[in-house]
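One structure is given here, and the rest of the page talks about it.
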Amino acid sequence: MAKDKPGIPKGTRDFDPTEIARRELIFSTIRKVYNAHGYMPIETPAMENLSTLLGKYGEEGDRLIFRILNSGDFASKTNSDDWKNKNSASLSAQLSEKALRYDLTVPFARYVVQHQHKITFPFKRYQIQPVWRADRPQKGRYREFFQCDADVIGSHSLVNEAELINIIGEVFSALNIRVVVKVNNRKILAGLAEHIGYGDQLTAITTAIDKLDKIGMDNVEKELIEKGLSNEAVALLRPVLSLEGSDGEKLDKLSHILSDSRTGMKGLEEMREVFDIVSVSPPACKVELDLTLARGLNYYTGAIIEVKAMDVAIGSICGGGRYDDLTGIFGLPDVSGVGISFGADRIYDVMYALDLFGPKIGTFTQLLAINFGPKGRDYCLPLLNRLRERGISCEFYPDQVKLKKQMQYADRNQIPFVLMAGEEEILQGVYTLKNMITGTQSILEADQIADAITKVE
RNA sequence: GUGGCUGUAGCUCAGUAGGUUAGAGCAUCAGAUUGUGGUUCUGAGGGUCGUGGGUUCGAGUCCCAUUAGCCACCCCA
């Protein structure tokens, strides 16, 4: 191996100033919308106790949790039989008791239970922080990425579902991304499972259905039969999943099919109500019922939501749903919550692909003062402070080097103005201000400079 | 965890049938221009060809292994 080649773990990224500015645009847009709807920010630690995370995301999810190796002499504390038997599961529990958070919903549930004494329900919170997943990176798939969550916990009202759908519409129309919001309800899927006689196979059925648009109806049926469902049961599924018509018509047809399932009927009722509330103030984006939407996270119990960009092929850029008993595992039962999560990094990718970032982004300093030596320095620094008070970002070049070099610095950093004050200017008590975009320069008194800059800006 | 593709300068890549000192563009630095950038011109620095082994008189090129990255599956934001 060569000497330490600089590098970062796969699936992680560095961000340069321009990228930060663009990401900040996304974060601030989301934050603004969340604030406008009364959500309050919280933050939780990057790492959680492993036990907090395990078992909340399904077995696939458990595998994707980044575990943190215990410090100290962890090896001697492990059971040697487990080493001999290569019992990774048991060993890992002895080697690791902390892990990087996998999402923001489970830490939030933990937070709610832990801080219930000071929370007023319903509690509306948002949280914008990175999460980590140990899967193989690929396009639009990172191992470290930001989620922007909003949840309402402690309220069963479907007004919350409707509000979240509206929030999705507001965020994406502010960002100029055309999206379609797909909505479904786990209770409908449960009803469907009952309808075909396999109420206990909900997870298997949902994960198979979830792949419908990718692998097609035939393969979904094949997968279900492999999982032990009867041919007749599977055959019942096809007509339901290929229902056509408007959302209302689909719901009507479903209510005949699922009439003998109480859960299914409840799900239909919920869907109707959500659509009704949404229709009172329709969001700017398309919202549609998608019976094939299932979502793998196994804590969802009611509405499930997923958002796809219409103009870029990338995984979902926002997802969410209702979970009735996430806090129950932490000792606070019967608290229902519903939430969504924007995937900031995928949204970035979509906006980048669609060229939606303005050109202006990435400019920081507005004025650079040239360094002509100690005299010029003392002549310029007080002026710069006055400019900053006027809200103008400016800086003084730290080294007394060739003018060319300093000009180049201004040019490459896209600094629109350069201030020059050497012997001549000092003698006359003036400054030379150069506009780097037009190339023109003018000789000004100290108190004319701020105006000259703000006029152009 | 499973499969496919790729690894040459800081970056993007070229490198022809294995053949002498491995090239280009961009970037960096210097000069043309010691108070004027973005354009142009000139020059310079920078490579154990991912790593290890093998075939061969000779390997960046062929073979094997390994490692890293990318893409796809699984799953997901």
Side-chain angles (χ1 to χ4, degrees), chain A residues 1-3 5-13 26 30 57-65 88 102-105 128-149 168 179 203 206-208 210-211 214-215 219 223 293-298 300 304-309 314-321 339-350 368 370-373 376 397 400-426 431-441:
Chain A
M1 267 301 195
K3 276 190 191 157
K5 270 193 181 159
I8 53 177
K10 64 177 164 187
T12 65
R13 294 148 304 152
I26 295 171
I30 293 171
Y57 309 106
E59 63 180 301
E60 184 67 18
D62 282 358
R63 230 187 57 209
L64 299 179
I65 293 171
S88 300
Y102 176 91
D103 72 354
L104 300 177
T105 307
I128 299 178
Q129 289 190 276
V131 302
W132 293 268
R133 294 187 188 174
D135 60 358
R136 290 261 168 102
Q138 50 190 281
K139 187 163 240 129
R141 162 85 53 97
Y142 305 103
R143 294 174 115 181
E144 177 185 62
F145 60 96
F146 267 79
Q147 290 197 323
C148 313
D149 277 40
I168 291 170
V179 296
T203 313
T206 52
T207 53
D210 196 36
K211 296 176 200 162
K214 257 184 188 168
I215 63 176
N219 288 316
E223 181 169 331
L293 174 62
R295 292 184 65 76
L297 290 176
N298 59 10
Y300 289 126
I304 42 185
I305 301 170
E306 197 160 288
V307 182
K308 294 223 157 187
I314 196 165
S316 65
I317 53 178
C318 179
I340 52 168
S341 178
F342 290 91
D345 302 81
R346 284 187 180 172
I347 293 173
Y348 182 100
D349 290 344
V350 168
L368 173 77
I370 299 293
N371 186 337
F372 284 112
Y397 197 90
Q400 187 187 343
V401 295
K402 272 190 240 168
L403 225 205
K404 178 189 171 88
K405 182 126 177 130
Q406 303 192 44
M407 295 297 283
Q408 230 168 46
Y409 176 85
D411 187 54
R412 288 182 192 178
N413 287 303
Q414 296 173 46
I415 299 172
F417 290 97
V418 166
L419 187 75
M420 285 176 283
E423 300 270 339
E424 297 162 37
E425 284 89 350
I426 296 174
Y431 297 84
T432 299
L433 182 71
K434 172 157 183 165
N435 181 323
M436 294 293 279
I437 295 150
T438 61
T440 58
Q441 54 189 56

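Lettering of chains follows the sequences in order, A, B, ..., and the numbering in each one begins at 1.
Residue R133(A) has its side chain nearest to C76(B) when only C70(B), C75(B), C76(B) are considered.
Residues that satisfy the side chain to side chain contact (heavy atoms under 4.5 Å, CB included) test with S316(A), not counting sequence neighbours, are E306(A), R346(A). Under the rule for a ring-ring contact (aromatic ring centres under 6.0 Å, His included), the partners of Y397(A) that lie at least two apart in sequence or sit in another chain are Y409(A). Not counting sequence neighbours, the partners of D411(A) by the side chain to side chain contact (heavy atoms under 4.5 Å, CB included) test are M436(A). Taking the side chain to side chain contact (heavy atoms under 4.5 Å, CB included) definition, one finds that Y142(A) meets it with R13(A), F145(A), D345(A), D349(A), sequence neighbours left out. In this structure Q138(A) satisfies the side chain to side chain contact (heavy atoms under 4.5 Å, CB included) test together with R141(A), sequence neighbours excluded. Considering only residues two or more places apart in sequence or on other chains, T206(A) meets the side chain to side chain donor-acceptor pair (under 3.5 Å) condition with none of them. With sequence neighbours left out, the side chain to side chain donor-acceptor pair (under 3.5 Å) criterion links Q147(A) to no other residue.
Close to A72(B), at under 4.0 Å from its OP1 or OP2, lies a side-chain N or O of Q138(A).
Within the 4.0 angstrom heavy-atom criterion, base atoms lie near G140(A).
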Protein heavy-atom contacts under 4.0 Å, written 5' to 3' over nucleotides 33-41 of chain B as B (base), S (sugar-phosphate only) or - (none), form the string --BBBB---
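At a cut-off of 3.5 Å, with distance as the only test, no side-chain donor of N435(A) or T440(A) sits close to an acceptor on the other residue.
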For RNA chain B, the expected dot-bracket line (Watson-Crick or G-U under 3.5 Å, [ ] crossing, | inter-strand) is (((((((..((((.....[...)))).(((((.......))))).....(((((..]....))))))))))))....
